[in-house]
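Before I ask anything, here is the structure I am working with.
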Amino acid sequence: MPASQNESVGFIGLGVMGEPMCRNLSARSGRRVIAYDLDPAPLGRLAADGVLAASSLAEIAGTASVIFLSLPGGPQVEAVLRGANGLMAHGRAGQTIVDTSTSPVDLDRALAAELAALGIDFADAPVARTRQAAQDGTLSITVGASPQVFARIQPLLACMGSDVLHCGPVGCGQVVKLMNNMVLFQTVAALAEAMAIGAGSGVDEALLLRALGNGSADSFALRNHGLKAMLPRVFPESAFPTDYAIKDATYGLALAESAGIEAPGAKQTLRTLRRASEAGMGAQYFPALLRVVAGEV
């Protein structure tokens, strides 16, 4: 049954995406939100938005009926759930845990089974689009859950995203998100190659991107990653970093292997991302791979 409007919502992980997601959840849900992060800085900022700070995972588990995770990846999700002081140790039957991180499909499915044995529901709901979308509450969220759990969490997810899609049972949200990122990374790599070849052949990069945008090569990646980051060579560390892209690409290729698909384009893109990381750009916004493709490093 739907949770009471008076029940608290927990939020664990207040990074680049998690902090604005938590802020929107507090502002739009009508629910009390209690949050936890190892860094006190975002907790301090969110206090102005009415978000309460938890001192531990146990406090979140003892307070919230629905708990959202927004963490860097599988190891952190596993630690928060399976750790000695984690949510499995302190959770209670009837709770719902929602992983908005990008995590391995097999891990989320295994965690869902372990939590089910404790009477705790689980959903994977990884988010897509940009940091600005997280701030605006216009994320794309792909959800893997039972129909009953999806109906329960959809109103809360709608506080953070404008497009919330139920993709099937647990794990399916991650599958769709990983495929989204696989296509995005390859598109950005293709843009990098086009920019490098065009510039090397005497065509201005800005003119080239304008022409591509006017034609059939137009894309979200061109209009956002290309024009806003690659063209001005702006690759901040406060955006989706190269090392995160490597993590997601690795998860996606694990799925390809399990499905018996070769995925040569994705493998080549992963090699380019790794070269960018090895060149010192691991913490920079991942379109920085352009600098590797163009021979700038």
Side-chain angles (χ1 to χ4, degrees), residues 16-17 72-73 102 104-105 126-133 140 142 174-259 261-297:
V16 169
M17 302 295 276
T102 303
V105 174
V127 301
R129 296 184 180 147
T130 62
R131 175 180 52 176
Q132 186 62 52
S140 170
T142 52
Q174 296 289 1
V175 172
V176 175
K177 168 62 188 295
L178 290 171
M179 294 305 97
N180 174 85
N181 281 12
M182 181 180 287
V183 172
L184 172 63
F185 300 156
Q186 291 182 69
T187 304
V188 169
L191 284 170
E193 292 176 2
M195 290 174 70
I197 294 168
S201 303
V203 174
D204 178 73
E205 288 181 340
L207 185 147
L208 176 66
L209 290 183
R210 179 182 174 187
L212 294 178
N214 288 338
S216 56
D218 188 25
S219 67
F220 177 91
L222 188 155
R223 288 177 269 110
N224 287 274
H225 303 75
L227 293 175
K228 298 176 184 178
M230 299 166 79
L231 182 61
R233 301 299 196 275
V234 175
F235 309 114
E237 294 191 3
S238 56
F240 190 77
T242 299
D243 285 346
Y244 278 27
I246 291 171
K247 179 260 297 181
D248 287 5
T250 302
Y251 292 167
L253 282 168
L255 276 181
E257 183 176 0
S258 67
I261 303 299
E262 184 63 24
K267 289 178 179 177
Q268 178 56 46
T269 300
L270 177 56
R271 287 192 286 269
T272 304
L273 288 165
R274 284 176 170 157
R275 286 173 57 203
S277 181
E278 291 163 1
M281 294 177 281
Q284 294 180 17
Y285 190 29
F286 83 89
L289 63 80
L290 167 66
R291 300 188 62 210
V292 168
V293 173
E296 297 174 1
V297 293

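As the structure is a prediction and not an experimental result, all values here were calculated from the model.
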Straight-line distance of Leu273 CG to Glu278 CD, nearest 0.5 Å: 11.0 Å
Minimum side-chain heavy-atom gap Arg291-Phe235 below 4.5 Å: yes
Taking every non-hydrogen atom, the tightest pair across Gly282 and Pro241: O-CB, 3.5 Å
Gap between atom NE2 of His225 and atom CG of Leu231 - 0.5 Å precision: 14.5 Å
pair Gln268-Gln186: side-chain heavy atoms closer than 4.5 Å: no
Side chain to side chain, Val234 and Lys228, heavy atoms closer than 4.5 Å: no
Ring geometry between Phe185 and Phe286 (parallel below 30°, tilted from 30 to 60°, perpendicular above 60°): perpendicular
Side chain to side chain, Leu255 and Met179, heavy atoms closer than 4.5 Å: yes
Any donor-acceptor N/O pair, Arg131 side chain to Ser238 backbone, under 3.5 Å: yes
Interatomic spacing from CD1 in Ile261 to CG in Leu253 - rounded to 0.5 Å: 12.0 Å
Name of the residue among Thr269, Leu289, Ile246, Val292 meeting side chain to side chain contact (heavy atoms under 4.5 Å, CB included) with Arg274: Ile246
Beyond-backbone contact of Val183 with Phe220, side-chain heavy atoms, under 4.5 angstrom: no
Taking every non-hydrogen atom, the tightest pair across Ala294 and Ala196: CA-CB, 3.9 Å
Test item: Thr242 side-chain N/O and Gln284 main-chain N/O as donor-acceptor pair under 3.5 Å: yes
Leu209 and Met230, any side-chain heavy atoms less than 4.5 Å apart: no
Nearest-0.5 Å distance that lies between atom CG in Asn224 and atom CD in Gln132: 10.0 Å
Crowding at CZ, Arg223 (>12 non-hydrogen neighbours, <6.0 Å): yes
Rounded distance (nearest 0.5 Å) linking atom CE of Met17 with atom OG1 of Thr102: 9.0 Å
Donor-acceptor contact below 3.5 Å, side chain Lys177 vs main chain Val127: yes
Non-hydrogen side-chain atoms of Leu184 and Phe240 separated by less than 4.5 Å: no
CD/Glu296: more than 12 non-hydrogen atoms of other groups inside 6.0 Å: yes
Candidate list Leu191, Thr187, Val188, test side chain to side chain contact (heavy atoms under 4.5 Å, CB included), partner Leu222, passing option: Leu191
Closest heavy-atom pair and its distance - Lys267, Glu262: NZ-OE2, 2.8 Å
Derivation and outcome, side-chain contact (heavy atoms from CB on, under 4.5 Å), residues Arg275 and Val297: CA-CA 10 Å; Arg275 286 173 57 203; Val297 293; over 6 Å; no
CZ on Arg210 to CG on Asp218, rounded to 0.5 Å: 13.0 Å
